[in-house]
**Q** 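Next up is a structure, given as structure tokens.
Here, residue 1 is the first one in the sequence, and each next residue gets the next number. This is a predicted model, so every value here is computed, not measured. Hydrogens, waters and symmetry mates are skipped; everything else that's a heavy atom, side chains included, is used.
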Amino acid sequence: MDIIANNLAQSLFIVGLILLVIEVTVLGFSTFVFFFVGLAAMATGALVYVGVLPNSVLSASFSTGVMTILAALVLWKPLKRMQSKVSTKKTKSEFTDHQFFLKESVSPTQSPKYHYSGVEWSLVSEEPIEAGTKVEVTEAEVGKLHIKAMDLQ
């Protein structure tokens with residue numbers, strides 16, 4: 001504990017940096033708690049270092065708490081807004097655009113299995129497709145390949 005008290009500014013800065021890294025890498029910026037506390041600890045460490053705050057654990061703890069609350073009040077809405085902006089665009093996977101001939105008929109009520117890339121997939125179609133038809137994968141989910149009949153021209 002002596003080493004922390006003797007090097008309070010550096011300790012706060014290191015703790016703040018560790019909390020920010022945990023928030024971003026481990027938690028994926030899903031909660032902002034570590035982010036706010038880490039930011040406040042780094043700011044408090046900087047204020048102690050330049051001499052604005054006294055070099056005491058009590059004042060550093062109080063300052064970190066107050067700055068955490070201030071950071072939460074100021075940054076909560078912008079960060080929440082940033083977090084809610086997600087792309088609705090479907091991503092292309094290695095399975096989309098894969099083409100093959102059906103061995104069994106597929107319909108909304110029939111989902112035969114198809115072995116591809118070492119996995120047994122359930123074939124899903126919103127329309128009936130007869131066996132022997134050339135189909136294309138339009139979307140891949142866990143264990144399911146959504147297919148549609150190819151237009152043969």
Side-chain angles (χ1 to χ4, degrees), residues 1-100 102 106-127 129 135-150:
M1 180 71 180
D2 235 10
I3 195 164
I4 293 173
N6 291 337
N7 301 302
L8 187 60
Q10 295 86 346
S11 300
L12 284 169
F13 203 79
I14 291 170
V15 166
L17 193 60
I18 289 170
L19 289 173
L20 290 175
V21 168
I22 290 171
E23 176 68 42
V24 173
T25 58
V26 176
L27 301 175
F29 216 55
S30 61
T31 69
F32 302 127
V33 177
F34 285 167
F35 178 73
F36 296 141
V37 176
L39 214 56
M42 289 180 72
T44 300
L47 291 175
V48 169
Y49 184 75
V50 296
V52 174
L53 288 175
N55 193 5
S56 73
V57 176
L58 182 62
S59 65
S61 299
F62 182 73
S63 174
T64 303
V66 169
M67 285 192 193
T68 300
I69 292 169
L70 289 175
L73 291 173
V74 171
L75 297 174
W76 183 265
K77 282 189 181 183
L79 289 173
K80 205 63 171 159
R81 201 171 328 134
M82 178 192 76
Q83 199 177 43
S84 67
K85 289 181 184 176
V86 291
S87 175
T88 57
K89 188 178 118 183
K90 293 273 185 185
T91 57
K92 285 276 196 184
S93 75
E94 60 193 71
F95 302 110
T96 55
D97 299 332
H98 171 65
Q99 301 171 358
F100 60 96
L102 284 179
V106 179
S107 71
T109 58
Q110 286 180 291
S111 295
K113 300 287 184 198
Y114 174 67
H115 188 79
Y116 177 66
S117 188
V119 178
E120 285 290 320
W121 299 87
S122 292
L123 298 177
V124 178
S125 175
E126 295 179 11
E127 56 194 35
I129 305 173
V135 295
E136 177 180 40
V137 177
T138 58
E139 183 182 342
E141 289 180 39
V142 177
K144 295 180 184 178
L145 292 177
H146 294 263
I147 59 170
K148 69 175 183 178
M150 298 276 304

**Q** Does atom CZ of Phe13 have more than 12 heavy-atom neighbours from other groups under 6.0 Å away?
**A** no

**Q** Counting N and O atoms only, with roles assigned by atom type, does the side chain of Ser63 sit under 3.5 Å from a partner on the main chain of Ser59, one being a donor and the other an acceptor?
**A**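 Checked: no pair found.
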
**Q** Mind telling me whether Phe32 and Phe36 have parallel, tilted or perpendicular rings, with 30° and 60° as the class edges?
**A**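 Aromatic pair Phe36/Phe32 classed tilted.
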
**Q** Mark yes when over 12 heavy atoms from residues, nucleotides or ligands other than Leu73 sit less than 6.0 Å from its CG; otherwise mark no.
**A** yes

**Q** For Phe34, is the CZ atom crowded, meaning more than 12 foreign heavy atoms sit under 6.0 Å from it?
**A**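 Atom CZ in Phe34 is not crowded, with 12 or fewer foreign heavy atoms closer than 6.0 Å.
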
**Q** Is atom OH of Tyr49 surrounded by more than 12 heavy atoms (other residues, nucleotides or ligands) closer than 6.0 Å?
**A** no

**Q** Looking only at non-hydrogen atoms, find the nearest pair between Ala149 and Val135 and report the distance.
**A** CA-CG1, 4.1 Å

**Q** Measure from the side-chain N and O atoms of Ser111 to the backbone N and O of Leu123, and report whether any donor-acceptor pair falls under 3.5 Å.
**A**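 Yes, because the side chain of Ser111 sits within donor-acceptor range (under 3.5 Å) of the backbone of Leu123.
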
**Q** Evaluate the side-chain proximity of Leu20 to Val24: yes if any heavy-atom separation is below 4.5 Å, no if none is.
**A**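 Answer no - side chains too far apart.
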
**Q** If you count heavy atoms of other groups shown closer than 6.0 angstrom to CD of Gln110, is the number above 12?
**A**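 Enclosed: over 12 neighbouring heavy atoms sit under 6.0 Å from CD of Gln110.
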
**Q** Verify, without hydrogens or angle tests, whether Thr138 (side chain) and His146 (backbone) share a donor-acceptor contact under 3.5 angstrom.
**A** yes

**Q** From Phe62 CZ over to Met67 CE, what is the distance, rounded to the nearest 0.5 angstrom?
**A**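 With rounding to 0.5 Å, CZ (Phe62) is 10.5 Å from CE (Met67).
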
